[in-house]
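Remarks on the structure that follows.
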Amino acid sequence: MADTIADTRRLFSKPQNLNDAYGPPSNFLEIDVSNPETIGVGRTRYTTYEVRLKTNLPIFKLKESSVRRRYSDFEWLRAELERESKVVVPPLPGKALIRQLPFRGDDGIFDDSFIEERRQGLEQFLNK
């Protein structure tokens with residue numbers, strides 16, 4: 001039985017300069033949710049959000065892309081991630097069922113403050 005000796009020499013790396021330290025990261029993936037837009041009237045009314053992606057990861061064909069998605073699209077994505085992965089999928093912002101009741105005196109789920117709160121929650125979901 002031959003004895004093997006582990007190679008314990010240090011790897012030497014080049015010294016870091018200011019551009020390396022403060023320049024853009026070598027690999028990045030940025031996702032943001034912005035520009036909510038409410039479409040339709042009455043019972044066919046819904047809100048979409050712009051989802052923008054920027055990256056330099058080679059696995060992506062496009063380095064920048066943008067799509068509009070509804071809350072139900074995020075629900076679909078979460079369900080697919082839970083079904084297909086072994087990791088814990090973060091929660092989505094709540095459904096706000098009480099805000100959907102008639103005769104509330106505000107815009108319910110179409111109130112600007114609620115839309116902004118939901119936008120922030122969707123962005124957190126995607127980035128986690």
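The shown structure was predicted, so the numbers you read here are calculated from the model rather than taken from an experiment.
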State, with a plain yes or no, whether a side-chain heavy atom of [X] is found less than 4.5 Å away from one of [Y].
{"X": "Arg119", "Y": "Leu122", "answer": "no"}
{"X": "Leu126", "Y": "Leu77", "answer": "yes"}
{"X": "Ile39", "Y": "Thr47", "answer": "no"}
{"X": "Asn35", "Y": "Glu37", "answer": "no"}

Exercise. Please collect all side chain to side chain donor-acceptor pair (under 3.5 Å) contacts where either partner lies in residues 84-93, sequence neighbours excluded, each pair once.
Key: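 For residues 84-93, and leaving out neighbouring residues, there are no side chain to side chain donor-acceptor pair (under 3.5 Å) pairs at all.
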Self-check item: Hydrophobic cluster identity match, Tyr46 and Val33, side-chain contacts under 4.5 Å
Solution: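 Unlinked, Tyr46 and Val33 end up in two clusters.
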Exercise. Establish whether Phe28 and Ile59 are linked, either directly or via other cluster members, by ILVMFWY side-chain heavy-atom contacts under 4.5 Å.
Key: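 In one cluster: no.
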Quiz item: Looking just at side-chain N and O atoms, do Gln120 and Glu116 make a donor-acceptor pair shorter than 3.5 Å?
Solution: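 Gln120 vs Glu116: donor-acceptor pair found between side chains.
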Quiz item: Is there a donor-acceptor pair closer than 3.5 Å between any side-chain N or O of Asn27 and the backbone N or O of Leu57?
Solution: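 No; judged by distance alone, with no hydrogens or angles, the pair does not exist.
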Quiz item: Looking only at heavy atoms, what is the nearest atom pair of Ser66 and Glu50, with distance?
Solution: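 Result for this residue pair: OG-OE2, 2.7 Å.
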Self-check item: Closest non-hydrogen atom pair between Thr38 and Arg45, with its separation
Solution: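 Answer, listing the atom of Thr38 first, then Arg45: CG2-NE, 3.4 Å.
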Practice problem: Identify whether the distance between the nearest side-chain nitrogen and carboxylate oxygen of Arg78 and Glu75 falls below 4.0 Å. | Solution: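 Salt bridge absent between Arg78 and Glu75.
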Self-check item: Separation between CG of Asn127 and CD1 of Ile31, rounded to the nearest 0.5 Å
Solution: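 Rounded to the nearest 0.5 Å, the CG-CD1 separation comes out at 5.5 Å.
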Practice problem: Verify the neighbour count for atom NZ of Lys63: are there more than 12 heavy atoms of other residues, nucleotides or ligands below 6.0 Å? | Solution: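 Buried by this count: over 12 neighbours within 6.0 Å.
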Quiz item: Who pairs with Asp32 by salt bridge (charged side-chain N to carboxylate O under 4.0 Å, His left out), at least two apart in sequence or on another chain?
Solution: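 Testing Asp32 for salt bridge (charged side-chain N to carboxylate O under 4.0 Å, His left out), a comparison that skips the adjacent residues, returns Arg52.
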Practice problem: Test the Arg118-Tyr71 pair against the cation-pi criterion, namely NZ or CZ under 6.0 angstrom from the six-membered ring centroid and within 45° of the ring axis. | Solution: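 Positive - Arg118 is close enough to the ring of Tyr71 and near enough to its axis.
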